[in-house]
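Since the structure comes first, as structure tokens, the remarks are kept for the end.
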Amino acid sequence: MLLSSRVKGISDSITMKLNEKAIQLTEEGKVIYNLSGGQLPIKPVSEFIEKIHHQLNFLKSYQYSPSAGFPALRKKLLKLFTDTRRLQLETVENDMDVIVSNGSKHSLYNALGAIIDPGDEVILLAPYWVSYPEMIKFWGGVPMVVKSNVFDAFVPAIEDIRKIISPKTKAIIVNSPNNPSGVHYSEAWMREFAELLKGNPHVVAISDEVYADISYFDPKPTYFYQFDRSLLERTIVVHAISKTLASTGLRLGWAIAPADVVQAMGRIQGQTTSGPNSLVQRALLDFDLHFLESFLTPVKNHIRTNAATLREKFREANLGHCWYQSTSAFYFMIDFTRTPMFKRFDGEEDYSYQIADELLNNEGITVVPGVDFGIPNTARISLVIEEVPFQEAITKIVRYLNKF
């Protein structure tokens, strides 16, 4: 069958493919250390599971929800946003609205569809999440990339963003805490970014905050609109339960944006997927979100422990110059170019796929090639697996990195 040029231009999700391959190899009986996963290997908080069980008894849990989500849940999520971001609800609720979707990816897709015209430029800060460029291109937009590097812990320079802004710039996507780098941008950075936006009133900011609750080193994440609340008039905030409630498979996310943008996103959603999962919405509506703090405390302690293991293993292997302090989310980026192993490559091309393939075939370790995040010759590793397997995996990785 003849496929459209639009769909032919979409790349497969490398993270999904690697997870599938790791699962397949494990089922074949091979010992695989899966460091590619972007999900917690635990069940959600028990109180949330109980709410889901409770909602199984009600007819409405199996029927359509409104296309944009249940109004009561939307109000609850807006209040959660204003409480956690230290904003006043009464100054936000008249101008901002919430749309509930089938995960944060769905929210981002609809948000881009609501604002992008063909030829519009959308600035991405590398490393960026792998799906951003594909979504932008699908809607006819043009991704424009600002690079960063390990020397700055993969934090892009504000001045580099300023240089790339043009009259064609429609939006900038900011993902902090960041997937894949595992860092969140500092308050000073966010204040500078706020000033940058104020000087470019034609630019929309999309703030992907799906990891906002998962930071394990202070200071905690802050956001540009907290320092100038007028910026909310052209800001779209995206969040989800995927990471904070260990519920990636339940597919429930949301976007907070000016009311006209939410209405536009609702029209897209109404003509494609309709409303999100009614059962999960009703369970979340009945769930006390204050349980999240106690639930996430051991999770963050675990990730911090694995981050410390990574630091020590790198230092013991004389790879300390390849290390930076991760502070949030689930991840760390390995820069291969500064390791002895990389000397066998000429360095002029990207070898991250080849290196990832060698790690899988020779060491039984799954990582995600960094070129798909916009940073060639790197790889993303996840810090969420159990401590002992993680120690074993990092021992294998540093041994591989030190091979000439």
Side-chain angles (χ1 to χ4, degrees), residues 4 6-7 10 48 51-52 54-82 89 92-117 120 122 131-132 134-136 138-141 170-171 173 204-210 232-245 247-287 289:
S4 71
R6 180 184 293 109
V7 77
I10 298 177
F48 185 51
K51 298 302 181 184
I52 294 175
H54 176 70
Q55 292 298 332
L56 293 172
N57 297 314
F58 295 95
L59 177 62
K60 288 186 177 180
S61 296
Y62 302 92
Q63 297 180 327
Y64 291 123
S65 86
S67 180
F70 290 118
L73 178 59
R74 293 163 64 188
K75 288 182 180 179
K76 181 176 182 176
L77 293 172
L78 185 59
K79 187 175 188 310
L80 174 69
F81 170 70
T82 56
L89 179 61
V92 173
E93 61 183 346
N94 291 332
D95 302 315
M96 307 290 283
D97 201 353
V98 179
I99 180 169
V100 185
S101 57
N102 299 287
S104 59
K105 183 181 288 189
H106 188 206
S107 293
L108 285 162
Y109 177 80
N110 288 346
L112 291 166
I115 65 171
I116 288 180
D117 284 319
D120 284 345
V122 180
S131 293
Y132 293 158
E134 302 305 320
M135 291 181 182
I136 293 165
F138 189 86
W139 285 110
K170 177 58 69 72
I173 302 181
V204 174
I206 301 177
S207 186
D208 182 349
E209 301 177 13
V210 71
L232 286 171
E233 297 173 3
R234 47 192 170 100
T235 296
I236 302 170
V237 177
V238 174
H239 211 323
I241 65 170
S242 300
K243 314 300 179 179
T244 53
L245 272 173
S247 301
T248 52
L250 294 184
R251 309 312 304 144
L252 194 125
W254 58 91
I256 301 169
D260 59 337
V261 176
V262 167
Q263 290 172 6
M265 292 173 65
R267 291 197 292 273
I268 296 171
Q269 191 158 299
Q271 296 293 354
T272 51
T273 63
S274 297
N277 187 302
S278 293
L279 173 63
V280 179
Q281 282 193 79
R282 286 170 60 83
L284 190 61
L285 181 57
D286 199 31
F287 173 65
L289 292 165

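Counting begins at 1 with the first residue of the sequence. Only a predicted model underlies this, so the values are computations on that prediction, with no experimental measurement involved.
- Of all non-hydrogen atoms in Q269 and S101, the two that sit nearest each other are OE1-CB, 3.5 Å.
- Annotation: Q63, atom CD; neighbour count of heavy atoms from other residues, nucleotides and ligands within 6.0 Å is above 12.
- Of all heavy-atom pairs spanning S278 and S65, the tightest one is OG-N, 3.3 Å.
- For E134, the salt bridge (charged side-chain N to carboxylate O under 4.0 Å, His left out) test picks out K137, with sequence neighbours left out.
- When the options V237, L112, T235 are evaluated for a side chain to side chain contact (heavy atoms under 4.5 Å, CB included) with I206, the one that passes is L112.
- Legend: residues meeting side chain to side chain donor-acceptor pair (under 3.5 Å) with T82, ordered by chain and number and at least two apart, are absent.
- K170 approaches D120 most closely through the heavy-atom pair NZ-OD2, 2.8 Å.
- R234 pairs by the salt bridge (charged side-chain N to carboxylate O under 4.0 Å, His left out) definition with nothing, not counting sequence neighbours.
- Residues P258 and M96 are in side-chain contact: their nearest non-hydrogen atoms beyond the backbone lie under 4.5 Å apart.
- Taking R282 as the reference, Q55, S61 meet the side chain to side chain donor-acceptor pair (under 3.5 Å) condition, with sequence neighbours excluded.
- More than 12 heavy-atom neighbours from other residues, nucleotides or ligands sit within 6.0 angstrom of OH on Y62.
- When atom types are taken as modelled, the side chain of K76 and the backbone of L285 share a donor-acceptor pair closer than 3.5 angstrom.
- Here K79 pairs with D83 under the salt bridge (charged side-chain N to carboxylate O under 4.0 Å, His left out) rule; sequence neighbours left out.
- Within the model, atoms CD of Q281 and CZ of R74 stand 9.5 Å from one another, a figure rounded to the nearest 0.5 Å.
- Considering only residues two or more places apart in sequence or on other chains, T248 meets the side chain to side chain contact (heavy atoms under 4.5 Å, CB included) condition with Q39, S242, K243.
- Closest approach of I268 to A114, counting heavy atoms only: CD1-N, 3.7 Å.
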>> Before you tell me yes or no, could you show the steps for L245 and L284 under side-chain contact (heavy atoms from CB on, under 4.5 Å), namely the whole-Å CA-CA distance, both residues' side-chain angles and the distance that decides it to 0.1 Å?
In response: CA-CA 10 Å; L245 272 173; L284 190 61; 4.1 Å; yes

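- Considering only heavy atoms from C-beta on, D95 stays 4.5 Å or farther from L232 through its side chain.
- Legend: ring pair (Phe, Tyr, Trp, His ring centres under 6.0 Å) pairs involving residues 94-115, not counting sequence neighbours, sorted by first then second residue: Y109-F138, Y109-W139.
- Contact record, L279 with N277: N-OD1, 2.9 Å, taken as the closest heavy-atom pair.
- Judged as a ring-ring contact (aromatic ring centres under 6.0 Å, His included), and not counting sequence neighbours, the contacts of F81 are Y225.
- Shown here are the side chain to side chain contact (heavy atoms under 4.5 Å, CB included) partners of K75, two or more places apart in sequence or in another chain: there are none.
- In terms of the side chain to side chain donor-acceptor pair (under 3.5 Å) criterion, residue partners of D208 (sequence neighbours excluded) are, by chain and number, Y132.
- For the atom pair L77 CG and L289 CG, the distance stands at 7.5 Å (nearest 0.5 Å).
- For the atom pair CG of D286 and CZ of F58, the computed distance is 8.5 Å after rounding to the nearest 0.5 Å.
- Contact record, S104 with H239: CB-O, 4.0 Å, taken as the closest heavy-atom pair.
- Looking at residues two or more places apart in sequence or on another chain, you find no side chain to side chain donor-acceptor pair (under 3.5 Å) involving S67.
- Looking at V280 and I241, their side chains come closer than 4.5 Å, going by heavy atoms from C-beta outward.
- Residue pairs meeting the salt bridge (charged side-chain N to carboxylate O under 4.0 Å, His left out) criterion with at least one partner in residues 56-71, sequence neighbours excluded, do not occur; the list is empty.
- Note: L78 CG to D97 CG = 7.5 Å, rounded to the nearest 0.5 Å.
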